[in-house]
Amino acid sequence: MIRYVHHQLMGVAMAVCACVVGAPVAFGVRGTPAAVDDAVWKVILLMLGCNVLLGTLEASRLRWVGEVRTFEEAVPLDDPEILRPADYSLRHNLVNKGFLPVLLVPALVMGLTLSPWLSLTPLWLSLDWLTRAGIAARWEKRNAVLLWRGHVPARAWELSYSPARPSPPTRTATDPSPE
């Protein structure tokens, strides 16, 4: 089980890793272009504009695009005691070695065959993942819960939630006093 925010941040880390590996290779083989022409800047601005628009729509409660709607359908965890520390996944599994090649290989191929600038395409995906992480963190803070994914292995994308802070253990009449 992994926190939803950390899952998105791990995607950002893998996209940055793919660019750190792919861009020097592509620019080293193909060389650095002298200047970036206007068409490239227009495409970059269009992609950034689309990302801002989609991020705004995901933060809404619209039925067909709203990410927040998915959060509100999360189910409570039956046993919050089974949780690892909230930052465990970021400390121990920052890069998924199976997904990194999925980002790296196409970016490297496009960077070597078409234009070295295309080796930076995973950064565009990282903007979306970063937006989703921000939306989820804001929702968690507003609702005082932590979102988790992978609670039910058969439905790995189903979200569940736990209290942001675990409740203190309840004392019974047979417990010794803290004095």
Side-chain angles (χ1 to χ4, degrees), residues 1-71 73-74 86-140 147-151 153-159:
M1 198 162 30
I2 183 173
R3 260 190 77 195
Y4 182 81
V5 171
H6 293 173
H7 175 70
Q8 300 301 325
L9 292 176
M10 287 168 38
V12 172
M14 286 184 284
V16 169
C17 288
C19 290
V20 165
V21 171
V25 172
F27 283 107
V29 171
R30 299 277 314 258
T32 306
V36 179
D37 58 351
D38 289 340
V40 172
W41 284 115
K42 288 177 185 176
V43 168
I44 290 171
L45 290 176
L46 178 66
M47 289 171 50
L48 287 175
C50 287
N51 202 6
V52 167
L53 177 65
L54 290 175
T56 304
L57 288 174
E58 284 180 0
S60 72
R61 296 177 189 270
L62 295 176
R63 182 175 302 165
W64 46 280
V65 293
E67 187 82 18
V68 171
R69 191 171 191 78
T70 305
F71 299 158
E73 295 170 358
D87 63 344
Y88 178 84
S89 54
L90 281 181
R91 284 187 286 136
H92 298 285
N93 303 320
L94 185 60
V95 176
N96 181 336
K97 293 175 182 81
F99 187 59
L100 183 61
V102 171
L103 291 172
L104 177 61
V105 171
L108 197 53
V109 168
M110 289 187 303
L112 290 173
T113 59
L114 300 174
S115 169
W117 293 108
L118 291 175
S119 62
L120 300 174
T121 54
L123 289 179
W124 186 54
L125 293 171
S126 71
L127 289 175
D128 181 53
W129 289 324
L130 199 57
T131 302
R132 288 173 184 247
I135 291 167
R138 182 172 177 253
W139 190 88
E140 285 180 344
L147 286 168
W148 300 87
R149 60 178 291 274
H151 175 66
R155 297 183 312 261
W157 296 106
E158 183 178 278
L159 294 176

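- Sequence neighbours left out, the pairs with a member in residues 102-128 that pass salt bridge (charged side-chain N to carboxylate O under 4.0 Å, His left out) are Asp128-Arg132.
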Going by atom type alone, with no hydrogens or angles, which donor-acceptor pairs under 3.5 Å involve a side-chain atom of residues 18-26 and a protein atom two or more places apart or on another chain?
none

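- Arg3 and Trp148 make their closest contact through N-CE3, 3.5 Å (heavy atoms, listed as atom of the first residue, atom of the second, distance).
- We find the CG-CG distance between Leu53 and Leu48 to be 12.5 Å, quoted to the nearest 0.5 Å.
- Here Cys50 contributes atom SG and Trp124 contributes atom CH2; the two are 7.0 Å apart, rounded to the nearest 0.5 Å.
- Residues Ile2 and Arg149 are in side-chain contact: their nearest non-hydrogen atoms beyond the backbone lie under 4.5 Å apart.
- Taking OH from Tyr4 and CG from Leu159, the interatomic distance works out to 6.5 Å, rounded to the nearest 0.5 Å.
- Between Met47 and Leu127 the shortest side-chain heavy-atom distance does not fall below 4.5 Å.
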Expected list for residues 100-115: side-chain donor-acceptor pairs under 3.5 angstrom, two or more places apart:
| residue | atom | partner | partner atom | Å |
| --- | --- | --- | --- | --- |
| Thr113 | OG1 | Val109 | O | 2.7 |
| Ser115 | OG | Trp117 | N | 3.3 |

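- Summarising the geometry of Ser126 relative to Val12, their closest heavy-atom pair is O-CG2, 3.5 Å, with the distance given to 0.1 Å.
- Of all heavy-atom pairs spanning Ala137 and Val5, the tightest one is N-CG2, 3.8 Å.
- Put simply, CD on Glu140 and CZ on Arg138 are 13.0 Å apart, with the number rounded to the nearest 0.5 Å.
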